[in-house]
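Input: a single structure, listed below in structure tokens.
Hydrogens, waters and symmetry mates are skipped; everything else that's a heavy atom, side chains included, is used. All chains are named by letter (A, B, ...) in the order of the sequence lines, taking the proteins before the strands, and each is independently numbered beginning at 1.
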4 protein chains.
Amino acid sequence: MVVFEEVNMYIPTDWSVNTQINRMDKRTQIIEAAIKVFAQKGLERGKIADIAKEAGIGKGTVYEYFRSKEEIFSAIEQAVMGEMSTAFEELFVSDISPTEKLIALMEESLEMMLQMGDALLIVTEIWAQAARGFWHGHSTTALATMYDDFREKIVAILKDGIVCGEFRSMSKDGVATLLMAFMDGLAWQYMLMKDENRFEKIKQEAIRSFMKGIEK
Amino acid sequence: MVVFEEVNMYIPTDWSVNTQINRMDKRTQIIEAAIKVFAQKGLERGKIADIAKEAGIGKGTVYEYFRSKEEIFSAIEQAVMGEMSTAFEELFVSDISPTEKLIALMEESLEMMLQMGDALLIVTEIWAQAARGFWHGHSTTALATMYDDFREKIVAILKDGIVCGEFRSMSKDGVATLLMAFMDGLAWQYMLMKDENRFEKIKQEAIRSFMKGIEK
Amino acid sequence: MVVFEEVNMYIPTDWSVNTQINRMDKRTQIIEAAIKVFAQKGLERGKIADIAKEAGIGKGTVYEYFRSKEEIFSAIEQAVMGEMSTAFEELFVSDISPTEKLIALMEESLEMMLQMGDALLIVTEIWAQAARGFWHGHSTTALATMYDDFREKIVAILKDGIVCGEFRSMSKDGVATLLMAFMDGLAWQYMLMKDENRFEKIKQEAIRSFMKGIEK
Amino acid sequence: MVVFEEVNMYIPTDWSVNTQINRMDKRTQIIEAAIKVFAQKGLERGKIADIAKEAGIGKGTVYEYFRSKEEIFSAIEQAVMGEMSTAFEELFVSDISPTEKLIALMEESLEMMLQMGDALLIVTEIWAQAARGFWHGHSTTALATMYDDFREKIVAILKDGIVCGEFRSMSKDGVATLLMAFMDGLAWQYMLMKDENRFEKIKQEAIRSFMKGIEK
DNA sequence: CATGAATGAGGATTCATTCAT
DNA sequence: GATGAATGAATCCTCATTCAT
């Protein structure tokens, strides 16, 4: 019987690892609950109590895993940034032409943002705080750094593209920024439109226009 | 007749006009203070007391002009949207070529956003609330409506451009959305870089790329 | 023409009297407005602004006639007590039999209370404050004094009645208190019933029972 | 079987029962503190902070047990009405003569009111609000209903008394109302005199007079 | 570790009162 | 005298955080 087997499943004696895993599991659980709550109510109006309830745990337990509400914000930011970074990591190193790379990059980004859905609103809010210099120094840097990293990688692709004659000569910094702006902006447009079919079309046209704008 | 003239020269103590002006003055004064405070601290952390102090008035006075904090949010939203609308109104009807119109539109938008500076952060936050459906129905509509209006006007310009052979054939809805996404996105990029010189270059490149992307 | 005559009406040169009269008129006007407002909203929830609007004057003007809100309470109390006192004054000295006097007293009291309607609720509230010793010393005394005066007069009537053989021997203080209790209590019953016809019948039976209770 | 017994002796950590009891305990504790405070300062001037201090708990804790100040009012009203209802319940069904029943009723009521002391002032105030239609519908009904129930029961006693020849023929509704008026009114008189000895005498005379008023 | 009852700092809002016009 | 805009003390209520169990 499956139940029996489950009960008798091997339990590793190295509790420290297990515990660590459980800790991370619950952290993730809480972060996911937090994202859900914050997306619905906003950063300030989303209560710790809501998060606890959403995660199916006690209010106090949240504080076993996070020192404060701000730390949850921070964790969400990290999580989102981490997810984004790793998602593109392989793309940047893949062995395809600059044009294909850029298109893949845009499609993937937009796909990701589309899947993030409401959560995007939190990111926006957290970043607004960051931009406001709320978390003086620390987080602002994190965000800016990620953006800079990202931009550098795009610049590299653009450079390759120019070298191999796929792209016209251009201000690489400008176009890289433009690309990022274009993705952020489209995400916003989607937020205010919520029409996946229409957005799909727009996305295609947008990518086409952008690529035409930099082609040789 | 002197007497008659005198009578007609007499300005009645009809303070209503003056008062109305004063009322609007103070409303504006408060809104400006609110924008300053909210931009600095965020929508939720910006206290009414802060606004009052910033405006150099008493806490209670704020409530003489606004029923609640939310009404202040609303007023800011209205003010910003109004400003934007009127700013572009004349542009849309001006008698220049589609290409010039689009370039002017982008330059003006970005210029305006640049000038809005911190206030942009509030708008973002207010709109995030709207997008979140916080102000169920009301504000969401206002924002969506403005965006739709805007998009329609851009679509019209694109149409003209295609007709007179300046632009390539395209999905006008898609490109219009792209344009707006560019502008929103660039505003964000600016928020996170705060480097006017660099932004100026980026702006130029962005406009060039965009126009190239839709040229025939 | 009437209008003309009005305009040319004689205006007494003794302004002090006129002014005094006007002052008292406006005081009365404000008190009446206050009674209306307080009856509707309660003592604490009835705002000075409401009173001013009800009286058709400016908020500040109220303070030309009353030093504070509490003074308005006080004035209302005085007014009601005064009205009651004078109403009974003549009754107590009229030349009718003790039995008739008592009946007249009860009927008149109840009639008066019935006519006071909602205003009775204010009196209740003001007296509750008094009973609570809110206006330390001052008003509590006024109320207690009036009650004592009233009781004394009833005791006198009862005494007369016993002497001339109309009433049985009794604890006059007890019965006097009972009489007053009975009137207060009936007023409350009316408040909770608001049915004048039914109340009329109840009143008759109540008076009959009471009189039977003290007859020889 | 010992083991079996042991197993059955085990008391599960089902705190729900205990907790429920504790919750009600603290609710009661808060209500009692509230009565004390409100009696002293009045419904509006009695602050939540006062209640918390009086109950020896934190301000926020009050809100763990009551959603708002109004809910506390409501709870007090319910508590008082409940206490009254149950107190008389047995009396109405006891197996004594109508005359004795009525006397017992009056004595018990007055005794109860005397013991309620200051709390009576709150009840008055809450009922004044109810009478004023402040709590539109809901509470007004509760009070009126209780009064009607009460009156009906008195009417039944009077009916019995008439049938068995103890009471004279009368308007039962009128006399029942009179009885209740007596009790309310006497309570008020007590509030304003605070002299237990004197009140005791008055009470006796009041009951005597009332009974004489309805005897055959 | 988990929990949720308890807490009080903090902030929106109200309204009696003042005072310049 | 009359007015109502301005004021800030006062108060209800929320919610992040703590801590005893």
Side-chain angles (χ1 to χ4, degrees), chain A residues 15 19 22-23 26 41 44-53 55-72, chain B residues 13 15 18-19 22-23 26 30 41 44-53 55-72, chain C residues 15 19 22-23 26 44-53 55-72, chain D residues 13 15 18-19 22-23 26 30 44-53 55-72:
Chain A
W15 283 98
T19 304
N22 287 341
R23 269 198 79 78
K26 199 157 264 178
K41 309 204 175 186
E44 300 287 336
R45 301 196 192 193
K47 292 174 260 176
I48 295 289
D50 296 333
I51 296 171
K53 189 182 281 178
I57 57 174
K59 223 181 335 154
T61 311
V62 174
Y63 284 86
E64 292 283 329
Y65 296 87
F66 298 91
R67 215 179 301 283
S68 69
K69 201 182 180 184
E70 292 240 318
E71 204 174 284
I72 299 178
Chain B
T13 324
W15 289 101
N18 238 315
T19 302
N22 289 339
R23 269 198 81 77
K26 196 155 269 176
I30 294 173
K41 308 204 175 186
E44 303 285 338
R45 302 198 190 191
K47 292 174 263 172
I48 295 289
D50 295 334
I51 296 172
K53 189 178 284 178
I57 57 175
K59 225 178 337 146
T61 310
V62 174
Y63 285 89
E64 291 282 324
Y65 296 86
F66 298 90
R67 221 178 296 283
S68 67
K69 201 181 178 184
E70 290 238 319
E71 205 175 283
I72 299 178
Chain C
W15 283 97
T19 303
N22 287 341
R23 269 200 78 78
K26 199 157 264 178
E44 300 287 337
R45 301 195 193 194
K47 292 174 260 174
I48 295 289
D50 295 333
I51 296 171
K53 189 182 282 179
I57 58 174
K59 224 183 330 158
T61 311
V62 174
Y63 285 86
E64 292 284 328
Y65 295 88
F66 298 92
R67 214 178 302 283
S68 68
K69 201 181 180 184
E70 293 240 317
E71 204 176 282
I72 299 179
Chain D
T13 323
W15 289 102
N18 238 317
T19 302
N22 289 339
R23 269 198 81 77
K26 195 153 269 178
I30 294 172
E44 302 284 339
R45 302 198 192 191
K47 292 172 266 174
I48 294 289
D50 296 333
I51 296 172
K53 190 179 282 179
I57 58 177
K59 224 179 337 148
T61 310
V62 174
Y63 286 90
E64 291 282 323
Y65 296 87
F66 298 92
R67 219 177 299 282
S68 68
K69 202 181 177 185
E70 289 239 320
E71 204 175 283
I72 299 178

Just compare dT7(F), dT17(F), dA6(E) and give me whichever is closest to any side-chain atom of Lys69(A). dT17(F)

Rounded distance (Å) that lies between atom C1' of dA12(E) and atom CG of Asp50(B): 13 Å

For dA20(E), give its Watson-Crick or G-U wobble partner with both distances under 3.5 Å, or none. dT3(F)

For the pair made of CD1 in Ile72(C) and C1' in dT17(E), what is the distance, rounded to whole Å? 12 Å

Taken to the nearest whole Å, CD1/Ile51(C) to P/dA16(E) is 8 Å

To check you understand the geometry: which heavy-atom pair defines the closest contact between Arg45(D) and Glu70(C), and what is its length? NH2-OE2, 3.1 Å

Report the distance from atom CZ of Arg67(D) to atom P of dC15(F), rounded to the nearest whole Å. 14 Å

Start at the 5' end of DNA chain F and walk down; is the nucleotide closest to Ala49(D) or to Ser68(A) reached first? Ala49(D)

When the distance from CD of Glu70(C) to P of dC15(E) is rounded to whole Å, what number comes out? 17 Å

Check every atom of dT7(F), dT3(F), dA12(E) against the side chain of Thr61(C) and return the nucleotide holding the closest atom. dT3(F)

Could you give the CZ-to-P distance, from Arg45(C) to dT13(E), as a whole number of Å? 18 Å

Write down the atom of Glu71(B), the atom of Tyr65(B), and the distance for their closest heavy-atom approach. OE2-O, 4.2 Å

Of the nucleotides dA5(F), dA9(E), dC1(E), which has the atom closest to the Lys59(D) side chain? dA9(E)

Of dC15(F), dT18(F), dC12(F), the nucleotide closest to the side chain of Lys47(A) is dC15(F)

Taking only N and O in the side chain of Tyr65(D), is any of them less than 4.0 Å away from OP1 or OP2 of dA5(E)? no

Judged by nearest nucleotide, the residue sitting upstream toward the 5' end of DNA chain E, Ile48(B) or Gly58(A), is Gly58(A)

Between Gly60(C) and Val62(A), which has a closest nucleotide on DNA chain E that is more 5'? Val62(A)

As an exercise, state the distance from CD1 of Ile30(D) to CD1 of Ile57(D), rounded to the nearest 0.5 Å. 4.0 Å

Would you mind telling me which of dA6(F), dT17(E), dT13(E) lies closest to the side-chain atoms of Glu64(B)? dA6(F)

How many Å lie between NZ on Lys41(B) and C1' on dG11(E), as a whole number? 12 Å

Can you tell me the pairing partner of dA9(F) across any strand shown, Watson-Crick or G-U wobble, with both distances under 3.5 angstrom? dT14(E)

Which atom of Lys69(C) lies closest to which atom of Gly46(C), heavy atoms considered: NZ-O, 3.0 Å

Lys26(D) side chain, from C-beta outward: closest of dA12(E), dA6(E), dT14(F): dA6(E)

From the list dT3(E), dT17(F), dT14(F), which nucleotide is the closest neighbour of the side chain of Ile57(A)? dT3(E)

More 5' along DNA chain F: Gly56(B) or Tyr63(D), using each one's nearest nucleotide? Gly56(B)

What is the separation between atom CD on Glu44(A) and atom C1' on dG11(E), rounded to the nearest whole Å? 12 Å

What distance separates Ile48(D) CD1 from Lys53(D) NZ, expressed to the nearest 0.5 Å? 14.0 Å

